[in-house]
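What you are looking at is a predicted structure, and each value in this text was computed from that prediction instead of being measured. Sequence lines set the chain letters: A, B, ... in the order given, protein chains first and strands last, and positions in each chain run from 1.
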Protein chains: 4
Amino acid sequence: MARTDKTEAPARGRPRNHRTHGAIITAANEILSEQGFAALSFEGLAARAGVSKTSIYRRWSSKGELLLDLYMSEVSEPPEVPGRSFPEALEEYLMLTVVRLETPWWSVAIRSLVAEAQSDEALAKLVRQKVVGPRRAAVRKLMIQAFKQGELATSADIEVLLDMLFGAMWYRLLLSHAPFDRRFVSDLVDGFMDMAGAG
Amino acid sequence: MARTDKTEAPARGRPRNHRTHGAIITAANEILSEQGFAALSFEGLAARAGVSKTSIYRRWSSKGELLLDLYMSEVSEPPEVPGRSFPEALEEYLMLTVVRLETPWWSVAIRSLVAEAQSDEALAKLVRQKVVGPRRAAVRKLMIQAFKQGELATSADIEVLLDMLFGAMWYRLLLSHAPFDRRFVSDLVDGFMDMAGAG
Amino acid sequence: MARTDKTEAPARGRPRNHRTHGAIITAANEILSEQGFAALSFEGLAARAGVSKTSIYRRWSSKGELLLDLYMSEVSEPPEVPGRSFPEALEEYLMLTVVRLETPWWSVAIRSLVAEAQSDEALAKLVRQKVVGPRRAAVRKLMIQAFKQGELATSADIEVLLDMLFGAMWYRLLLSHAPFDRRFVSDLVDGFMDMAGAG
Amino acid sequence: MARTDKTEAPARGRPRNHRTHGAIITAANEILSEQGFAALSFEGLAARAGVSKTSIYRRWSSKGELLLDLYMSEVSEPPEVPGRSFPEALEEYLMLTVVRLETPWWSVAIRSLVAEAQSDEALAKLVRQKVVGPRRAAVRKLMIQAFKQGELATSADIEVLLDMLFGAMWYRLLLSHAPFDRRFVSDLVDGFMDMAGAG
DNA sequence: TAATAAGCGAGACGGTACGTCATGTCTTACA
DNA sequence: TGTAAGACATGACGTACCGTCTCGCTTATTA
């Protein structure tokens with residue numbers, strides 16, 4: 001995360017130039033799209049953005065932090081659409097991810113994020129907080145409601161149910177043994193409801 | 001994979017020295033255990049193994065290839081134990097993975113392998129062939145038998161069922177949002193049987 | 001030549017460290033004296049000088065360039081001593097070279113410089129500019145004066161005369177078929193005056 | 001020199017294959033013509049000639065030795081043409097060298113030979129024996145005859161005279177400060193005769 | 001005719017060095 | 001204090017050659 005997020009900021013000395021900031025973000029996104037995360041170096045990024053390395057290090061201390069920032073800056077909260085049945089709501093929610101990942105940038109970003117997190121515990125923690133947690137929370141909320149309304153009927157642990165749903169998604173995304181597409185989400189939700197649905 | 005796997009060589013030139021080979025493997029395993037995959041460089045590996053860089057490049061063209069070889073050389077086929085019920089066989093099979101991953105070396109190896117594969121399609125393909133595929137095949141076989149014997153009763157696609165089971169495993173392993181332990185496997189199998197089991 | 005010779009830099013960024021510079025020069029001179037030019041590698045030089053390879057490459061792009069710099073930094077202009085006859089002045093001038101080359105360092109340096117220039121046209125050009133040209137100019141000046149004052153009497157082209165004198169010097173130096181010593185210079189000047197002198 | 005030149009040769013074991021020999025020579029000449037001596041490596045040469053490195057090392061222990069062999073194999077003795085005046089004979093002799101060096105191959109070969117000899121005393125000795133010595137001997141012979149016949153009149157040491165003539169040639173060849181061409185040889189001989197000739 | 005000896009290609013091997021790239025830190029002048 | 005520029009030590013990259021070696025095989029001479 002950008003280090004200025006410390007909220008205080010009494011603003012001493014020369015203020016940060018937001019054009020510098022933007023140039024870095026833009027260049028990073030371009031490199032990510034064109035060559036992937038492995039090709040993203042602070043050195044090359046500085047050159048492409050026309051910015052000094054110092055200015056980048058001042059904002060992010062690792063490639064992972066920068067990557068997470070890029071990722072987060074693009075995510076927006078899904079609109080709550082009430083009045084749906086559980087399977088509809090679930091499919092709609094999961095579909096958002098699939099649709100997003102049809103854009104190569106997103107695919108590269110999220111896969112790199114997880115890859116990077118394997119050897120960077122700080123980043124891993126952030127990923128759990130910013131990416132994994134909120135999604136589980138959203139679906140957990142849907143599930144609890146569905147249990148209440150009798151749409152779900154299983155004695156399995158709800159956390160395990162979340163693991164099975166999201167796990168299947170990440171599994172296809174990261175291991176690529178089969179397509180990660182709308183059809184898959186549809187099948188996944190159908191299969192899940194077939195097993196866990198009431199009736 | 002080591003490049004000598006090109007089927008049958010007619011044995012020309014000076015043969016490979018298996019001591020050299022062994023020294024590399026040993027040193028690589030040590031570095032992996034002690035410092036992790038990020039600290040594994042061909043340069044340092046050569047120094048530690050007392051071997052020239054050329055001798056390493058001759059065998060593996062990337063760190064990922066080497067890593068997969070290290071991984072594969074340690075895997076052994078699980079003994080077939082007949083006469084079990086499906087949930088017992090499934091739990092036993094999945095438990096093998098959990099037990100293995102209690103050793104830090106295994107955890108580092110497999111997580112690095114997947115991380116590396118995110119930006120190396122050739123490696124990704126090998127991982128699917130050597131790691132993902134056989135495991136799915138093994139459990140698929142168990143499932144088919146279970147369906148026949150009436151232990152499983154669901155109309156969900158079998159591939160989706162595999163995605164949910166293995167997905168949950170990988171998800172906990174790679175995202176670490178919750179413990180990846182024996183308890184988890186037990187809960188997972190219980191939950192799965194609760195939903196998909198007959199009766 | 002060191003790359004900073006680009007006229008006047010407006011001094012941007014961190015300035016070059018002259019201690020780094022000095023350490024390189026010193027180490028290079030030592031290696032040259034002790035082991036000769038063939039043993040001079042950028043790798044070894046960096047190690048000996050306690051300096052990074054980058055810092056060397058930043059200054060010189062080839063061993064030849066560095067060598068010329070080492071050579072030039074040691075050369076000083078010969079003092080003009082007026083009131084001599086032409087043969088005395090000539091002998092004194094050429095003798096300076098012989099005396100210098102009695103030191104092994106000089107011999108190694110200049111011979112390596114010419115050797116290197118055989119396959120490096122950029123270096124060859126520099127050698128002509130910095131080494132060959134000034135020496136010819138100095139002796140050409142003496143000759144013109146000698147012609148004016150009647151000390152030389154020959155209709156041979158002055159450039160050819162220079163070729164014969166300097167050529168004889170380089171020939172003995174590079175081919176080593178006979179000693180390159182004070183006696184030789186003395187004989188050379190005597191022979192030259194015997195043929196080209198007036199009277 | 002090829003190591004088999006030891007004259008004895010009771011010929012045991014499998015005899016050398018002259019096609020192998022020829023392939024090496026041919027390839028070496030090609031590389032020399034196309035890319036120069038600096039680009040000539042035993043490794044690359046073996047590949048180009050379709051020959052093993054061993055086969056090359058068996059014949060020549062260094063690039064210099066090989067180069068001298070290439071050079072010598074192309075040289076033929078100049079035909080003695082009697083009945084000429086000294087300046088005519090001298091010019092004809094020196095002109096042979098100039099003409100030969102108009103071919104790039106020759107220029108590269110001889111310049112590389114001298115360059116290499118600067119750091120390889122064994123090669124230097126061979127060059128003196130095979131290249132420098134015979135040429136000096138030939139012209140020395142001409143000079144002695146010329147002195148006897150009154151065509152030369154100078155008290156300068158004959159060795160110094162040879163140094164001036166050949167020195168001027170090598171000087172232009174190796175330092176390239178001025179053209180090394182027929183015009184130069186003509187001027188050189190003219191200048192020399194102007195100074196040293198009788199009358 | 002068998003033994004012996006060398007030639008030969010292929011290619012492994014431990015080395016050394018290459019020239020480049022990226023890291024993260026630093027130092028400077030200027031804003 | 002931010003910034004661009006760039007120096008710096010470090011360390012790794014992947015490649016090229018070096019000169020030596022070890023193989024299987026071939027081609028000669030000698031016993």
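Taking the side-chain hydrogen bond (donor to acceptor under 3.5 Å, both in side chains) definition, one finds that Ser33(C) meets it with nothing, sequence neighbours left out. Scanning for ring-ring contact (aromatic ring centres under 6.0 Å, His included) contacts around Phe37(C) gives an empty result, with sequence neighbours left out.
Nucleotides of DNA chain F nearest to Val51(C) and Val51(A) differ in position, and the one nearer the 5' end is that of Val51(A). Heavy-atom nearest nucleotides on DNA chain E were determined for Thr20(D) and for Lys63(C), and the one closer to the 5' end corresponds to Thr20(D).
Atoms CG (Leu45(A)) and P (dG24(E)) sit 13 Å apart, rounded to a whole Å. Protein atom CZ of Arg58(B) is 15 Å distant from nucleotide atom P of dT22(F), rounded to whole Å. Atoms CZ (Arg48(D)) and P (dA10(E)) sit 17 Å apart, rounded to a whole Å. For the pair His21(A) NE2 and dG2(F) C1', the interatomic distance rounds to 14 Å; values are reported in whole Å. The CD1 atom of Ile24(B) sits 11 Å away from the C1' atom of dC13(E) (whole-angstrom rounding). Between the P atom of dG14(F) and the CH2 atom of Trp60(B) lies a distance of 15 Å, rounded to the nearest Å. In this structure, Ile56(D) places its CD1 atom 18 Å from P of dC21(F), rounding to the nearest Å.
Contact check for Gln118(D) versus Val108(C): no side-chain heavy atoms found under the 4.5 Å cut-off. Between Ser107(A) and Pro104(A), every side-chain heavy-atom pair lies at or beyond the 4.5 Å cut-off. Between Val51(C) and Leu45(C), every side-chain heavy-atom pair lies at or beyond the 4.5 Å cut-off.
A donor atom on one side chain and an acceptor atom on the other are found under 3.5 Å apart for Arg59(B) and His21(B).
For residues 115-127 of chain D, the pairs satisfying salt bridge (Lys or Arg N to Asp or Glu O under 4.0 Å) are Glu121(D)-Arg128(D), with sequence neighbours left out. Pairs passing the salt bridge (Lys or Arg N to Asp or Glu O under 4.0 Å) check and including a residue from residues 26-44 of chain C, sequence neighbours excluded, read Glu30(C)-Arg48(C), Glu34(C)-Arg48(C), Glu43(C)-Lys53(C).
Contact check, Arg59(D) against dC8(E): a side-chain N or O comes under 4.0 Å of OP1 or OP2. For the OP1/OP2 pair of dG11(E) and a distance below 4.0 Å, the side-chain nitrogens and oxygens of Arg16(B) include no atom meeting the criterion. Look at Ser55(B) and you'll find a side-chain N or O under 4.0 angstrom from OP1 or OP2 of dG14(E).
Using bins of under 30°, 30° to 60° and over 60° for the plane-to-plane angle, the ring pair Tyr71(B)/Trp106(B) lands in the perpendicular bin.
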I'd like a table of atom pairs between the protein and nucleotides 23-26 of chain F - only N or O on both sides, under 3.5 Å - with the distance next to each one.
| unit_1 | atom_1 | unit_2 | atom_2 | d |
| --- | --- | --- | --- | --- |
| dT26(F) | O2 | Arg14(D) | NH1 | 2.8 |

Sort me out a list of protein N/O and nucleotides 15-17 of chain F N/O pairs below 3.5 Å, or just none if empty.
| unit_1 | atom_1 | unit_2 | atom_2 | d |
| --- | --- | --- | --- | --- |
| dC17(F) | O5' | Ser41(D) | OG | 3.4 |

